[in-house]
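Accompanying notes for the structure given below.
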Amino acid sequence: MEIADSAFAAAILRNLDLDRAVSLVREVCRIPSVLGAEGPLAEFLASVMRESGFESVELQPVLPGRPNAIGEVSLGPGPRVAFTGHMDTKPESYGWQRAAPFSGDLIDGAVYGHGIMDMKAALACQIVAIEAVRASQLLLSGTLAMAAVADHMGDQAGSISYFESHKADMCVLGELTDNQVCVGHRGRYYFDVTVRGRSAHTCHKHSAVNANVLAAQAVLALDRSQLEPPLPGGVTELFGKETYIVPGRIYGGLAPGGPSMIPDECVIRVDCRPQPGVTTEQVRAEVDRCLAEARAGDEVVRLMSAAFRLVRGEAPVLVTENWLGDTASFGDKVPTVIFGPGGPPVYCPDEHLAVSDIHEATKVYALFAALALADSTDAPQAGGTRHGG
């Protein structure tokens with residue numbers, strides 16, 4: 001099959017219900033799923049897949065009340081292609097004006113919703129894309145799996161649980177890449193810096209050494225950091241020179257609402273986003289190998305690039321990102337490409353995503369899925385009879 005065959009693409013796209021994609025995006029935006037409260041969204045997505053006729057739909061246990069929502073569509077023997085994304089979001093921002101954070105309102109051609117880009121829209125688009133491939137009646141063979149995972153912003157327990165129990169030959173992660181094809185992202189290190197002083201009653205201020213004040217100096221110093229470690233040129237070109245070091249959470253003193261005293265301990269959670277290769281030469285060499293492989297164009301990137309070309313009419317520019325994706329937990333197990341609608345700024349008041357971006361992402365997901373399964377058959381053509389359920 002010619003990878004850019006127009007009849008093949010047309011067979012997928014004419015079965016793509018873009019109105020359903022937008023409607024489903026609006027629905028998931030109405031279900032809050034801040035980290036720790038993913039349960040209701042998981043139940044909803046499982047019900048959507050069940051009603052659509054997905055097989056093996058279940059709420060996969062991950063953490064108490066926080067399951068993954070998983071299902072699949074089997075089209076016969078062949079490769080197993082996983083679509084995945086996380087359900088959890090950060091807390092909503094202050095200052096929303098045009099819409100409420102969980103309204104899913106459609107205003108001037110954009111859907112408004114907290115977490116729509118990270119990454120509720122991608123979850124909805126992926127489900128609709130799988131439905132379109134199943135409905136296309138092309139001679140495809142293989143399995144399209146869907147895994148909406150919990151705890152991305154915690155310890156990535158959802159992704160770890162899924163990929164430990166379900167194999168995949170390739171994967172698409174729906175992180176927000178502004179509908180560009182992304183082949184990598186930074187990692188994450190946490191350092192807890194404990195600053196100790198000497199406690200005392202507030203009335204005895206001069207007998208104390210306030211740990212919070214000492215920590216404040218450390219926070220300012222950390223925030224001034226502009227670490228630029230030596231890196232191979234290819235890594236620098238993809239990820240930039242600076243290793244980001246940010247003083248994030250700060251824990252000092254007694255909890256609000258109770259008694260007060262001058263604290264003798266304060267802990268700074270330092271969030272570091274290193275480029276591949278920052279810690280040891282061994283890691284740098286392995287990252288170089290992986291990046292070289294990606295630049296050469298492995299199968300999952302080749303197929304996503306082909307799907308992108310069918311929709312955009314041009315080759316994608318391969319990008320990398322500075323955020324952390326769930327591929328940190330499963331990328332060594334499954335060849336993965338990252339692609340999703342939306343881009344910065346994210347987690348801000350009036351967060352919204354253009355309907356056109358939702359449409360485009362859904363098209364690319366569907367064409368990628370079809371191309372991935374078509375590669376396991378002999379010259380599939382539009383209008384045939386599909387294998388399997």
Side-chain angles (χ1 to χ4, degrees), residues 1-22 24-25 52 73-83 109 121-122 124-146 169-172 174 177-183 296-319 335 337-341 354-389:
M1 179 197 67
E2 180 62 36
I3 199 77
D5 181 76
S6 59
F8 178 86
I12 297 297
L13 297 180
R14 67 170 166 261
N15 283 283
L16 204 55
D17 190 342
L18 297 179
D19 289 340
R20 171 170 165 76
V22 174
L24 194 55
V25 169
S52 177
V73 169
S74 176
L75 302 175
R80 183 178 176 83
V81 179
F83 284 84
C125 294
Q126 289 171 344
I127 290 173
V128 174
I130 292 172
E131 292 172 340
V133 175
R134 180 183 58 189
S136 70
Q137 297 298 305
L138 288 169
L139 291 174
L140 306 175
S141 193
T143 298
L144 300 176
M146 179 71 205
D169 296 297
M170 61 181 71
C171 176
V172 176
T177 65
D178 210 13
N179 283 352
Q180 298 294 322
V181 179
C182 176
V183 296
D298 61 23
E299 185 68 359
V300 67
V301 175
R302 181 183 73 85
L303 292 172
M304 180 57 78
S305 298
F308 183 97
R309 284 197 303 272
L310 287 170
V311 173
R312 285 270 187 103
E314 60 186 18
V317 175
L318 302 185
V319 301
V337 67
I338 307 169
F339 182 90
V355 168
S356 58
D357 286 347
I358 296 171
H359 287 180
E360 182 176 69
T362 308
K363 291 175 182 178
V364 174
Y365 285 145
L367 289 169
F368 171 88
L371 290 169
L373 300 195
D375 263 20
S376 67
T377 64
D378 294 327
Q381 298 294 327
T385 303
R386 63 180 175 85
H387 297 293

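Here the structure is a predicted model, which is why all the values come from computation and not from measurement. Basis for what follows: all heavy atoms, side chains included, without hydrogens, waters or symmetry-related copies.
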Worksheet, complete the sentence: Note: Pro341 and Ala121 closest approach over all heavy atoms is CG-CB, 4.0 Å
Worksheet entry | From CG (Leu16) to CG (Leu367), nearest 0.5 Å | 8.0 Å
Practice prompt. Report the C-alpha distance between Ser305 and Leu318 in whole Å, list the side-chain angles of each, state the deciding distance to 0.1 Å, and finish with yes or no for side chain to side chain contact (heavy atoms under 4.5 Å, CB included).
Written response: CA-CA 9 Å; Ser305 298; Leu318 302 185; 4.1 Å; yes
Worksheet item: Does the side chain of Ile338 reach to within under 4.5 Å of the side chain of Met304, using non-hydrogen atoms?
Response: no
Worksheet entry | Distance in Å, Leu13 CG paired with His359 NE2, rounded so as to fall on 0.5 Å steps | 12.5 Å
Fill in: From Leu139 atom CG to Leu373 atom CG, the distance as rounded to the nearest 0.5 Å
12.0 Å
Discussion item. For a quick test of reading the model, state the closest non-hydrogen atom pair linking Val81 to Ala372 and the distance between them.
Written reply: CG2-CB, 3.7 Å
Worksheet entry | Which atom of Tyr365 lies closest to which atom of Gly174, heavy atoms considered | OH-CA, 3.4 Å
Using residues 124-133 as the side-chain source, report each donor-acceptor pair under 3.5 Å to any protein atom, sequence neighbours left out, with the distance given to one decimal.
{"from": "Gln126", "atom 1": "NE2", "to": "Thr84", "atom 2": "O", "distance (Å)": "3.3"}
{"from": "Glu131", "atom 1": "OE1", "to": "Arg20", "atom 2": "NE", "distance (Å)": "2.8"}
{"from": "Glu131", "atom 1": "OE2", "to": "Arg20", "atom 2": "NE", "distance (Å)": "3.4"}
{"from": "Glu131", "atom 1": "OE2", "to": "Arg20", "atom 2": "NH2", "distance (Å)": "2.8"}
{"from": "Glu131", "atom 1": "OE2", "to": "Ser52", "atom 2": "OG", "distance (Å)": "2.7"}

Worksheet entry | Any Leu371 side-chain heavy atom under 4.5 Å of Leu310 side chain | yes
Worksheet entry | Minimum side-chain heavy-atom gap Lys363-Leu18 below 4.5 Å | yes
Worksheet, complete the sentence: Those residues at least two apart in sequence (or on a different chain) that pass ring-ring contact (aromatic ring centres under 6.0 Å, His included) with Phe308 are none
Practice prompt. Please answer whether the main-chain N or O of Asn179 pairs with a side-chain N or O of Asp357 as donor and acceptor at a distance below 3.5 Å.
Written response: no
Practice prompt. Would you mind checking if Glu299 and Arg302 are paired as a salt bridge, meaning a charged N to carboxylate O distance below 4.0 Å?
Written response: yes
Fill in: Shortest non-hydrogen separation from Ala307 to Phe368 and the atoms involved
CB-N, 3.5 Å
Discussion item. Could you walk me through whether Arg134 and Asn15 satisfy the side chain to side chain contact (heavy atoms under 4.5 Å, CB included) test, starting with their C-alpha distance in whole Å, then the side-chain angles of each, then the deciding distance to 0.1 Å, before giving a yes or no?
Written reply: CA-CA 9 Å; Arg134 180 183 58 189; Asn15 283 283; over 6 Å; no
Discussion item. Show the nearest heavy-atom pair for residues Gln180 and Val317, with the distance to one decimal.
Written reply: OE1-O, 3.8 Å
Worksheet item: Which atoms form the tightest heavy-atom contact between Pro316 and Val181, and what is the distance?
Response: CB-CG2, 3.7 Å
Fill in: salt bridge (Lys or Arg N to Asp or Glu O under 4.0 Å) partners for Asp169, two or more places apart
Lys167
